[in-house]
Amino acid sequence: TLRGEIQDPYNVHWNTLQALVRRSFVHDEILNPMPISDSPWLFFFLRPLIALSIVAATVYAIFRGRRQHALLAYGAMIAMISLVTPSQASYHQFLFYPGIAGLITVEQLWAKKFVFAVMFALICSNVMGATAAYDSGAAMVLAFPRVWLVLALWVIFLSALDAPRPVVSARLGFCAA
């Protein structure tokens, strides 16, 4: 559509953060009769705020990270795109492969390497649609397992880049308020 949406932006099978946020706060008589809270104004503010925060944190970690590693930066970028896009299919997640390879390469513990590989396999699988029946009320957070795995991977990639904490001055805090 002209608003940059897809045909059914409430579809649980998209398994994206935008679909989760929309489904949580925007009521629709047919497509979403039972949101967590009927607060479209909250969705209006949260959607761009979440997307901007994810993009800003990713760009900051890539350019300010103490560990400059191309595959980790690539993985962080793919995770960022996965988190802000309105729709994806399981085959899109295969783009994580180089980033996961980078994580496995830099990690020392075999258990963590195994966890990263399992996360990648789950994200790419169609098993992610198994919880789609939990599509109403507070239980709907369970209907989006790929979102939670991608979010976890995004945090792992950003942590692996080892960016310093941003310095926030009092003046910047005053301007933001």
Side-chain angles (χ1 to χ4, degrees), residues 4 6 13-25 42-43 45-129 131 141-177:
I6 50 180
H13 294 285
W14 292 128
N15 223 326
T16 61
L17 186 58
Q18 277 197 29
L20 172 61
V21 173
R22 180 183 301 271
R23 196 160 182 89
S24 297
F25 300 114
L42 188 57
F43 170 74
F45 290 108
L46 277 180
R47 185 173 79 167
L49 182 65
I50 289 170
L52 184 61
S53 300
I54 289 170
V55 170
T58 304
V59 170
Y60 179 80
I62 289 171
F63 289 106
R64 296 289 186 136
R66 291 184 275 256
R67 178 187 277 166
Q68 295 296 315
H69 194 284
L71 293 178
L72 296 179
Y74 172 83
M77 192 67 72
I78 293 300
M80 176 196 74
I81 292 168
S82 290
L83 289 171
V84 300
T85 191
S87 68
Q88 285 190 325
S90 58
Y91 56 84
H92 291 140
Q93 306 307 320
F94 195 73
L95 293 171
F96 274 110
Y97 183 74
I100 296 294
L103 270 177
I104 290 172
T105 302
V106 300
E107 183 53 54
Q108 301 297 318
L109 299 173
W110 280 97
K112 284 188 178 180
K113 291 180 183 198
F114 180 74
V115 168
F116 298 151
V118 168
M119 286 176 76
F120 174 65
L122 284 172
I123 286 171
C124 290
S125 75
N126 286 330
V127 173
M128 295 289 99
T131 60
V141 296
L142 300 174
F144 293 86
R146 183 176 289 133
V147 170
W148 303 117
L149 287 171
V150 171
L151 192 61
L153 263 183
W154 177 70
V155 170
I156 291 167
F157 281 122
L158 295 190
S159 299
L161 289 169
D162 195 27
R165 290 185 184 258
V167 178
V168 179
S169 67
R171 196 162 93 193
L172 178 63
F174 178 74
C175 291

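Just so you know, residue 1 is the first one in the sequence shown, and it goes up from there.
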Treating Tyr60 as the side-chain partner and Pro164 as the backbone partner, does any N or O pair qualify as donor plus acceptor under 3.5 Å? yes
Sub-4.5 Å side-chain heavy-atom contact between Phe157 and Ile78: no
Ignoring hydrogens and geometry, is there a side-chain-to-backbone donor-acceptor pair from Thr16 to Pro86 under 3.5 Å? yes
Salt bridge (Lys or Arg N to Asp or Glu O under 4.0 Å) partners for Arg146, two or more places apart: none
Do Phe96 and Phe116 pass the side-chain contact (heavy atoms from CB on, under 4.5 Å) test, and can you show the C-alpha distance, the side-chain angles, and the key distance before you say yes or no? CA-CA 11 Å; Phe96 274 110; Phe116 298 151; over 6 Å; no
Take His92 and Thr85 through the test side-chain contact (heavy atoms from CB on, under 4.5 Å) and record every step on the way to the result. CA-CA 11 Å; His92 291 140; Thr85 191; over 6 Å; no
Please report the C-alpha distance between Leu103 and Phe120 in whole Å, then the side-chain angles of each, then the deciding distance to 0.1 Å, and finally whether the side-chain contact (heavy atoms from CB on, under 4.5 Å) criterion is met. CA-CA 11 Å; Leu103 270 177; Phe120 174 65; over 6 Å; no
On a heavy-atom basis, which atom in Leu158 and which in Ala76 lie closest, and how many Å separate them? CD2-CB, 4.0 Å
Measuring only between side-chain heavy atoms, which start at C-beta, is Phe144 closer than 4.5 Å to Arg23? yes
Check whether Gln18 reaches the backbone of Val84 with its side chain - one donor and one acceptor, N or O, closer than 3.5 Å. yes
What are the two closest heavy atoms between Leu149 and Ile123, and how far apart are they? CB-CG1, 3.6 Å
Test log, rule side-chain contact (heavy atoms from CB on, under 4.5 Å), inputs Gln88 and Ser82: CA-CA 8 Å; Gln88 285 190 325; Ser82 290; 3.2 Å; yes
With sequence neighbours excluded, give me every side-chain hydrogen bond (donor to acceptor under 3.5 Å, both in side chains) pair touching residues 96-117. none
Could you tell me which non-hydrogen atom of Ile54 sits nearest to which non-hydrogen atom of Met80, and how far apart they are? CG2-CG, 3.7 Å
I'd like to check Met119 versus Ile100 (side-chain heavy atoms, cut-off strictly below 4.5 Å). Are they in contact? no
Under a 3.5 Å threshold, yes or no: a donor from one side chain and an acceptor from the other, between Trp154 and Thr58? yes
Which heavy atom of Val106 sits nearest to which heavy atom of Arg67, and what is that distance? CG2-NH1, 3.8 Å
How many angstroms lie between CG in Asp162 and CG in Leu72, if you round to the nearest 0.5 Å? 10.5 Å
